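As the structure is a prediction and not an experimental result, all values here were calculated from the model. Order of the sequence lines sets the chain letters (A, B, ...), proteins ahead of strands, with each chain counted from 1.
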Number of protein chains: 2
Amino acid sequence: MEQRIEKIKKQLHSQSYKLTPQREATVRVLLEHEEDHLSAEDVYLLVKEKAPEIGLATVYRTLELLSELKIVDKINFGDGVSRYDLRKEGAEHFHHHLVCVECGAVEEIEEDLLIDVEKQVESDWGFQVKDHRLTFHGICKKCQVVTVKS
Amino acid sequence: MEQRIEKIKKQLHSQSYKLTPQREATVRVLLEHEEDHLSAEDVYLLVKEKAPEIGLATVYRTLELLSELKIVDKINFGDGVSRYDLRKEGAEHFHHHLVCVECGAVEEIEEDLLIDVEKQVESDWGFQVKDHRLTFHGICKKCQVVTVKS
DNA sequence: TCTATTAATTAGAATGATTATCACCTAAAA
DNA sequence: TTTTAGGTGATAATCATTCTAATTAATAGA
Ligand SMILES: [Zn+2]
Ligand SMILES: [Zn+2]
Ligand SMILES: [Zn+2]
Ligand SMILES: [Zn+2]
């Protein structure tokens, strides 16, 4: 935890941004909820528990900043809210998601499944890939069992 | 054009929905702008040229309906607007997108690049894939040339 | 230390996209 | 004809996000 905060602090400093208490509180919330996919509002409410004086706008600005620095990724699952997802330790590609259309569960895939596909896109379309967003919609393991049973 | 409208009409009827004049006008706009990625507002303005009495709410309702029937796909490129994308003739998978981070151009890929990846997800994660969203962010051919030149 | 400058923050207003509501209007069924 | 179930258009309401003005904190130079 502390070392990851330290690392983020350095990333901010390298672009001459500061890790203010509000920003640190926000980052801590993100670290403590790495598996969840929190909306700005979610983050705001959680940060508020520790730092009640923080404003919603600050959370938005912090998330935007972290997003620019590629520390978090902004994703969108189709409900009208942006969600913010911390990049995994050491990962330089954005992980993929499996969204269950039955129960809404979101599973993460950290393996990069797109290496070959990206090569193909670069060679066949001449498009220089920098990042990707891949989400599968379908039925999770759990819901498949339920369906079979009923 | 006419045959595709006819087909969509049948799809609506099969769920006991009607192809009202407003819905038909909306579908025509989508067909005439297949390559673009129109927002609801865009569609509204275009439809209004032919059917000036149409209301914005009706456009939203129509797009939502077409979305449920998998005739269009609702996508989100990160600006705060949903965009609506007609499925290609006969395609039963949603096509992919290449978004240029330099110029904002959006290119489409109709080939399904994910067949192998989906197989892997089904076998390794036990997740039954129904649909996917894949977007690459990067630098388009055109912008690469500019970068080299300057 | 004092002061000027700049960066960050807050609360709240404003904006903009989307959704809900409601009165009215079909078209077909009974 | 009366009924019924969708549709529609205008407008209000909602909700996420961004902007603004005023305030505070941090920084650097005198
Ligand atoms: Zn499920
Ligand atoms: Zn995730
Ligand atoms: Zn470009
Ligand atoms: Zn498209």
Side-chain angles (χ1 to χ4, degrees), chain A residues 8-9 11-29 36-69 71-85, chain B residues 8-29 37-69 71-85:
Chain A
I8 289 167
K9 191 174 184 176
Q11 285 179 267
L12 284 168
H13 284 168
S14 76
Q15 308 280 316
S16 60
Y17 292 116
K18 289 172 249 181
L19 184 63
T20 64
Q22 292 88 340
R23 288 176 183 168
E24 181 171 338
T26 304
V27 169
R28 280 185 190 279
V29 163
D36 306 337
H37 296 87
L38 303 176
S39 66
E41 185 80 24
D42 295 336
V43 175
Y44 172 62
L45 292 174
L46 288 165
V47 176
K48 231 171 152 39
E49 291 174 8
K50 303 190 214 170
E53 3 50 64
I54 201 171
L56 177 57
T58 301
V59 172
Y60 268 103
R61 260 177 287 127
T62 301
L63 292 171
E64 185 60 30
L65 179 60
L66 294 173
S67 195
E68 276 167 27
L69 298 181
I71 294 166
V72 307
D73 286 294
K74 190 174 177 182
I75 43 174
N76 193 297
F77 290 142
D79 53 351
V81 219
S82 291
R83 295 174 182 283
Y84 298 85
D85 214 352
Chain B
I8 288 167
K9 191 174 183 175
K10 276 180 194 151
Q11 285 178 266
L12 284 166
H13 284 168
S14 76
Q15 308 279 318
S16 60
Y17 292 116
K18 289 174 243 176
L19 184 65
T20 63
Q22 290 90 337
R23 287 177 183 167
E24 181 171 337
T26 304
V27 169
R28 280 184 190 279
V29 163
H37 296 88
L38 303 176
S39 67
E41 185 80 23
D42 294 337
V43 175
Y44 172 61
L45 292 175
L46 288 166
V47 176
K48 231 170 155 35
E49 291 175 8
K50 301 190 216 173
E53 3 49 64
I54 201 170
L56 177 57
T58 300
V59 171
Y60 269 103
R61 277 185 297 238
T62 301
L63 291 171
E64 185 60 32
L65 178 60
L66 294 173
S67 194
E68 277 166 26
L69 297 181
I71 294 167
V72 307
D73 286 295
K74 191 175 174 178
I75 42 173
N76 193 298
F77 289 140
D79 53 352
V81 219
S82 292
R83 295 175 182 282
Y84 298 85
D85 215 352

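- In this model, the phosphate group of D:dT17 is approached by a side-chain N or O of A:Tyr60 to a distance below 4.0 Å at OP1 or OP2.
- At whole-Å resolution of the value, CD in B:Glu24 and P in D:dT8 are 12 Å apart.
- Base contact: A:Leu56 has a heavy atom under 4.0 Å from a base atom.
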- Determine, stepwise, if the pair B:Arg23 / B:Thr26 fulfils side chain to side chain donor-acceptor pair (under 3.5 Å). CA-CA 5 Å; B:Arg23 287 177 183 167; B:Thr26 304; over 6 Å; no
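- In this structure, CZ of B:Arg23 is placed 11 Å from P of D:dG6, rounded to the nearest angstrom.
- Crowding of A:Lys48 atom NZ: a count of heavy atoms from other residues, nucleotides or ligands under 6.0 Å exceeding 12.
- Contact annotation: A:Thr20 reaches the phosphate of C:dT9 (side-chain N/O to OP1 or OP2, under 4.0 Å).
- Closest of all the heavy-atom pairs between B:Ile54 and B:Tyr44 is O-CE1, 3.6 Å.
- Spacing between atom CD of A:Gln15 and atom P of C:dA7 amounts to 15 Å, rounded to whole angstrom units.
- Using a 4.0 Å heavy-atom cutoff across all strands shown, B:Glu41 reaches no nucleic acid atom at all.
- Atom CD1 of A:Ile54 is separated from atom P of D:dT23 by 21 Å (rounded to the nearest Å).
- Checking the phosphate oxygens (OP1, OP2) of D:dA16, no side-chain nitrogen or oxygen of A:Ser82 falls inside 4.0 Å.
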- Test side-chain contact (heavy atoms from CB on, under 4.5 Å) on A:Gln15 and A:Gln11 and set out the steps. CA-CA 7 Å; A:Gln15 308 280 316; A:Gln11 285 179 267; over 6 Å; no
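- C:dG16 atom P lies 16 Å from atom OH of B:Tyr44, rounded to whole Å.
- In this model, the phosphate group of C:dA8 is not approached by any side-chain N or O of A:Arg61 to a distance below 4.0 Å at OP1 or OP2.
- Between the CZ atom of B:Phe77 and the P atom of C:dA17 there is a distance of 17 Å, given to the nearest Å.
- Remark: A:Phe77 CZ is packed, more than 12 non-hydrogen atoms of other residues, nucleotides or ligands lying under 6.0 Å away.
- Atom OH of A:Tyr84 and atom P of D:dA16 are 12 Å apart (whole Å).
- Atom NZ of A:Lys18 is separated from atom P of C:dT6 by 13 Å (rounded to the nearest Å).
- Distances were taken from every side-chain heavy atom of A:Ala57 (C-beta onward) to each of C:dT9, D:dT17, D:dC19; the shortest belongs to D:dC19.
- In terms of phosphate contacts, A:Thr58 brings no side-chain nitrogen or oxygen within less than 4.0 Å of OP1 or OP2 of C:dT9.
- Side-chain nitrogen and oxygen atoms of A:Gln22 include none within less than 4.0 Å of the OP1 or OP2 phosphate oxygen of D:dA25.
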